[in-house]
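Below is one structure, written out as structure tokens; the observations come after it.
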Amino acid sequence: MTGLESSGELPPVAALSREQRRGVHCVWCSAALSVRTAVDLGAREIAVFGSTVQWFPRCCTTCRDSHPE
């Protein structure tokens, strides 16, 4: 999946905390993530000030099972 808008599964980027956007907290429940607990959800593209940029959301294993893509 390449576009956030097309995923339908992730919360809007604007609604996420800085830590969630950076991938250190789960995008759904805000739990702190470590190398062992983080699940990579793949690169996503969003438009920012007229440019396309990538962000790399991550989640915890509990939320991964609750929010299949």
| field | 4.5 Å side-chain heavy-atom contact, Thr52 and Ile46 | value | no
| remark: In terms of heavy-atom contacts, Leu41 and Cys59 come closest through CD2-SG, 3.8 Å
| SG/Cys26 to CG/Leu16 distance, rounded to the nearest 0.5 angstrom? | 10.0 Å
| Shared hydrophobic cluster, Phe56 / Val53 (ILVMFWY, side-chain heavy atoms < 4.5 Å) | no
| remark: Heavy-atom nearest pair, Pro11 first then Val27, reads CG-O, 3.3 Å
| task | Quick one: list whatever passes side chain to side chain contact (heavy atoms under 4.5 Å, CB included) with Ser34, sequence neighbours left out. | result | Arg36, Thr37
| request: Identify, with sequence neighbours excluded, every residue that meets side chain to side chain contact (heavy atoms under 4.5 Å, CB included) alongside Val35. | output: none
| task | Please round to the nearest 0.5 Å and tell me the distance separating atom CZ of Arg58 and atom CZ of Arg22. | result | 10.0 Å
| said: With heavy-atom distances below 4.5 Å as the criterion, would you say the side chains of Cys29 and Thr62 are in contact? | reply: no
| task | Report the residues that fulfil side chain to side chain contact (heavy atoms under 4.5 Å, CB included) with Ser17, sequence neighbours left out, ordered by chain and then residue number. | result | Glu19, Gln20
| field | Approximate separation, where rounding is to 0.5 Å, of Leu10 CG and Arg44 CZ | value | 4.5 Å
| Got a sec, which residues hit side chain to side chain contact (heavy atoms under 4.5 Å, CB included) with Thr61, two or more places apart in sequence or on another chain? | Val39, Arg64
